[in-house]
Amino acid sequence: MTKAPIPAGKVRFFSGSSNIPLAGKIASHLGVPLESTKITRFSNDNLYIQLGASVRYRRVYIVQSLSQPVNDHLMELLMMIDIARGAAASEIHAIIPYYSFGRSDKKDAPRISITARLVADLLKTAGATHVMSMMFHSPQVHGFFGVPTDPLSSRMVFKDYLESLDLSGAIIVAPDMGQAKSAARFAKTLGLPVAAGNKERVSDTEVIISGLVGNQVKGHKRALIYDDEIATGGSILEISRVLIEQGIEDIKVVCTHGVFSRNGLERLAVVPQITEIITTDTVHMPPEKIHPKLTVLSVGHVFADAIRHNINRESLSDLFVFGE
């Protein structure tokens, strides 16, 4: 890919309040400034937002992860997109490292919302002309968007890190069949066998895994549990229990989006066999919450490369979730 300079005068880079450090890394990789954004509240609690630089006839990039508080961060993003549209931006790119609404991707109970599609519609209505995200919860989420959308992969970031470790005798394990295809691609990248858990979800925090599908775990001493997102850690704890019962002694947990709500990180860290929890910075974690077992890898360069491809009108296929 051509590393041509980004025309700073034709591009404006902004961040909502959810993940300013990652936005700064993306802008730094591109060699463009991260412009200021004023975010305050009126006395009635309504948001007040003002972009800190002119966007007229420029490409505008707005970085915002839909992390907690999710609804506030979504509203910030919609308002910033609307501001850019009203100020005559030529293009408006919503860079959403973590699209949390992707978990609401199907109608599996009466009278519920497929919120992943609803939010995609809201982004288009607000004025987004392009969306870029990383590792949607399921492939169909990509199809909910009415504007060009790039679902990027964190796979190569994990590969580069894990190849520096001893993976002899390891097996890749997906917590459920929904992540089996993604785990299989990851296992192929590392040249390792793969298995998946047979999971039944009881509630948002409770799951039951009755067994494993795929390669036999017995005979392996190491396992890499691979998932797109960890919130409370219930699925990871359950699959870890199954793996430990089958003789696994060393577990590394690998996930793109480390949400770690309701003490999810601490619940995983107390398991002696879980020696490392590896995630990315799509969800910002304050330094005081970093645990000794936690490794955070940056995906700033992945988004920067994708944006550079986009500006130079080059293919992004090698950065996609389904690319090789």
Treating Thr125 as the side-chain partner and Asp121 as the backbone partner, does any N or O pair qualify as donor plus acceptor under 3.5 Å? yes
Can you establish whether the number of heavy atoms outside Met79 located under 6.0 Å from its atom CE is more than 12? yes
Backbone of His29 reached by a side-chain donor or acceptor of Arg308 within 3.5 Å: yes
As a quick check of understanding, evaluate side-chain hydrogen bond (donor to acceptor under 3.5 Å, both in side chains) for Gln273 and Ser240, giving each step before the final call. CA-CA 8 Å; Gln273 291 85 354; Ser240 295; over 6 Å; no
Check the surroundings of atom NZ in Lys289: do more than 12 heavy atoms from other residues, nucleotides or ligands lie under 6.0 Å from it? no
Taking the side chain as every heavy atom from C-beta outward, state whether Val70 and His73 have any pair of such atoms under 4.5 Å apart. no
For the atom pair CD1 (Ile236) and CZ (Arg267), what is the distance rounded to the nearest 0.5 Å? 11.0 Å
Using the benzene-type ring in the case of Trp, are the ring centres of Phe145 and Phe136 under 6.0 Å apart? yes
Between Arg155 and Asp160, does any NZ, NE, NH1 or NH2 come within less than 4.0 Å of an OD or OE carboxylate oxygen? no
Approximate separation, where rounding is to 0.5 Å, of Phe303 CZ and Ser133 OG: 6.0 Å
Is a side-chain donor or acceptor of Gln64 paired with a backbone partner of Ser18 at a separation under 3.5 angstrom? yes
Looking at the rings of Phe101 and Phe144, which for Trp means the six-membered one, are their centres under 6.0 Å apart? no
What pair of heavy atoms forms the shortest contact from Ile277 to Ala269, and how long is it? CD1-N, 4.2 Å
Just by distance, with hydrogens left out, do Arg103 and Ser138 show a side-chain donor and acceptor under 3.5 Å apart? no
Within the supplied structure, the quantity of interest is the number of heavy atoms (other residues, nucleotides, ligands) at a distance under 6.0 Å from Tyr161 OH; does it exceed 12? yes
Heavy-atom pair with the smallest gap, counting every atom of Ser113 and Leu118: OG-CD2, 4.2 Å
List the atom of Ile239, the atom of Ala174, and the distance in Å for their closest heavy-atom pair. CD1-O, 4.5 Å
Test side chain to side chain contact (heavy atoms under 4.5 Å, CB included) on Val296 and Leu294; report intermediate values, then the result. CA-CA 7 Å; Val296 181; Leu294 183 68; 3.9 Å; yes
Looking at OG of Ser65 and CE of Met134, how far apart are the two atoms once the value is rounded to the nearest 0.5 Å? 10.0 Å
Residue pair Ser100 / Leu66: nearest heavy atoms and the distance that separates them: OG-O, 2.6 Å
In this structure, are over 12 heavy atoms from other groups packed under 6.0 Å from Lys107 atom NZ? yes
More than 12 heavy atoms from other groups under 6.0 Å of NZ on Lys293: yes
